[in-house]
Protein chains: 2
Amino acid sequence: MDKHEDGRIGIVPALVRSTFLVNAVYAESGREYGLTPQQGQLLCVLMAQPYGMSELGAMLGLAKSSLTGLVDRTERNGLVRRDPDPRDTRAVRVALTARGSGLAAEFYAETTRRVEKLTAGLAAAERDALAGLLGRIVLDNKVPVVFLEPDEGTLTAREDEGRDIR
Amino acid sequence: MDKHEDGRIGIVPALVRSTFLVNAVYAESGREYGLTPQQGQLLCVLMAQPYGMSELGAMLGLAKSSLTGLVDRTERNGLVRRDPDPRDTRAVRVALTARGSGLAAEFYAETTRRVEKLTAGLAAAERDALAGLLGRIVLDNKVPVVFLEPDEGTLTAREDEGRDIR
DNA sequence: GGCGGACGGTTCGTAGGGCGAACCGTGAGG
DNA sequence: CCTCACGGTTCGCCCTACGAACCGTCCGCC
């Protein structure tokens, strides 16, 4: 009743509420392209390069049975493909199809645009400061690359031509 | 290939990836108390005060039909109650039960603890700076109070005793 | 060389989440 | 009064997530 309601917000509520905000953006942005947030996330991860199911599970924090379903549905929509792993008959490499690659790029761009707009009230220097601080948190906590930096990825994800990073 | 891979992260990826992180925390923290993230969120919102279904829908960004289900399940678990609205027979006030209030407090505390731990690598001054910047974003974008400040709420949400804030 | 265990993925059943459309009763304004 | 807006619920559909059970391949070890 004294030091509050003054507009100052604690670090934890600030993080949780901004998370809420970004979640909403992800959902809206996805809806615009007929993607669920999860499918959008999957596409974004695959923009970097193809991954195996287990790798994806680890990155996205999902049980493998959950992954099967997600990839199934996304595959059914023609956005993703299961390629056999050259050096392991059991394994599978999940990769973007041409269509998936295009949609991923659009979704990525739209999401970026929207998230950027959230920070419209901040000066350039403040945005940099924020990026630096959040970047530290992301790094410290080893958050998987669920969203690429604007320029990386395009090189490795370029095409279907038997690229086999790993 | 030149200015990247140097650990610096753009503002948008930083926001998205930290969001991913907080989402994971919410999920884990909830699991610990047998709550889904959505139910946890609902409890947190109701810590402040009871709300009508429509209000909740607006705050959480859910369609009313989605709300019905969420409240149903949470009610079935004995955490929440539908009180009749004194001045509108049609309407309903969703409020925490005693049990829900307790669980909400625990979930809130645990989540706070975990989110705080994410920022462990930051100095106190940096945390303040981060809180300030994120706070601006939250304010600018009028994010609903889906997570209270540490001390507010307890007063209004105190008890079942026919409190009727609006 | 073969055997057994670890590993990569899928299947199945269950439960939750989210939506739009249709519906119902109450409130409120002409 | 009568109508219409409003607060909520119901229904049917699909997506998400999990654990447990399962299957085939790979690999280390004797």
Side-chain angles (χ1 to χ4, degrees), chain A residues 20 23-43 45 50-95 146 166, chain B residues 20 23-24 26-43 45 50-77 79-95 146 166:
Chain A
F20 182 84
N23 282 336
V25 165
Y26 232 82
E28 290 169 40
S29 188
R31 192 150 32 220
E32 199 155 311
Y33 295 98
L35 293 172
T36 66
Q38 291 76 1
Q39 290 173 0
Q41 189 134 69
L42 178 60
L43 295 195
V45 167
Y51 288 101
M53 297 293 283
S54 313
E55 289 174 296
L56 284 177
M59 294 187 71
L60 299 177
L62 295 177
K64 45 188 189 169
S65 57
S66 313
L67 243 298
T68 300
L70 179 56
V71 171
D72 278 353
R73 289 181 295 271
T74 314
E75 188 174 34
R76 193 194 317 142
N77 293 352
L79 305 177
V80 126
R81 200 183 6 163
R82 273 182 243 235
D83 291 336
D85 184 319
R87 35 186 129 351
D88 190 341
T89 325
R90 304 170 297 176
V92 130
R93 314 249 81 204
V94 182
V146 290
R166 188 238 133 64
Chain B
F20 182 84
N23 281 337
Y26 233 80
E28 290 168 42
S29 188
R31 194 151 29 221
E32 200 154 310
Y33 296 98
L35 292 172
T36 65
Q38 291 77 0
Q39 291 174 358
Q41 191 133 66
L42 178 61
L43 295 195
V45 166
Y51 287 100
M53 297 293 283
S54 314
E55 289 175 295
L56 283 177
M59 294 187 69
L60 299 178
L62 295 178
K64 44 187 189 170
S65 56
S66 310
L67 243 299
T68 300
L70 179 57
V71 172
D72 279 353
R73 289 182 293 271
T74 316
E75 188 175 32
R76 194 194 316 143
N77 293 352
L79 306 177
V80 126
R81 199 182 10 161
R82 273 182 243 235
D83 291 337
D85 184 319
R87 36 186 127 352
D88 190 341
T89 325
R90 304 170 297 176
V92 131
R93 315 249 82 205
V94 183
V146 290
R166 190 241 128 59

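All values below come from the heavy atoms of this structure, side chains included, with hydrogens, waters and symmetry mates left out. A, B, ... follow the sequence lines: proteins, then strands. Residue 1 opens every chain.
- Atom CD of B:Q38 is separated from atom P of C:dC19 by 11 Å (rounded to the nearest Å).
- On the nucleic acid side, DNA chain D has its first and last nucleotide under 4.0 Å of a heavy atom of chain A at D:dC15 to D:dC26, going 5' to 3'.
- Going from atom CZ of A:R87 over to atom P of C:dG8 covers 14 Å, rounded to whole Å.
- The shortest non-hydrogen separation linking A:G57 to A:L67 is CA-CD2, 3.7 Å.
- Residues satisfying the ring-ring contact (aromatic ring centres under 6.0 Å, His included) test with B:F20, not counting sequence neighbours, are none.
- Closest heavy-atom contact between A:Q41 and A:L60: CG-CD2, 3.8 Å.
- We find that CG of B:D72 is positioned 14 Å from C1' of C:dA15, with the value rounded to whole Å.
- Taking atom CD on A:E55 and atom P on C:dG8, their separation rounds to 9 Å, with Å as the unit.
- B:L70 approaches B:Q39 most closely through the heavy-atom pair CD1-CG, 3.8 Å.
- For DNA chain D, the residues of residues 56-70 of chain A within the heavy-atom distance limit of 4.0 Å (strictly under) are A:L62, A:A63, A:S65, A:S66, A:L70, sorted by number.
- The minimum heavy-atom distance linking A:V45 with A:V146 is given by the pair CG2-CA, 3.8 Å.
- Within the 4.0 Å cut-off from OP1 or OP2 of C:dC24, not a single side-chain nitrogen or oxygen of B:R90 is found.
- Legend: residues meeting side chain to side chain donor-acceptor pair (under 3.5 Å) with A:N77, ordered by chain and number and at least two apart, are absent.
- Rounded to the nearest 0.5 angstrom, A:M53 CE and A:R90 CZ are separated by 14.5 Å.
- In this structure, B:L35 and B:L42 have side chains that are not in contact, with every pair of non-hydrogen atoms separated by 4.5 Å or more.
- Of all the heavy atoms in A:A27 and A:P37, the pair that sits closest is CA-CG, 4.1 Å.
- Taking both residues in full, the closest heavy atoms of B:D85 and B:R87 are given as OD1-N, 2.9 Å, listed atom of the first, atom of the second, then distance.
- With rounding to whole Å, A:Y26 atom OH is found 17 Å from C:dG18 atom P.
- The stretch residues 27-37 of chain A comes close to DNA chain D through A:T36, each having a heavy atom under 4.0 Å from the strand.
- Among residues at least two apart or in separate chains, side chain to side chain donor-acceptor pair (under 3.5 Å) pairs with a member in residues 63-72 of chain A are A:D72-A:R82.
- Rounded to an integer number of Å, the gap from A:D88 CG to C:dA6 C1' is 12 Å.
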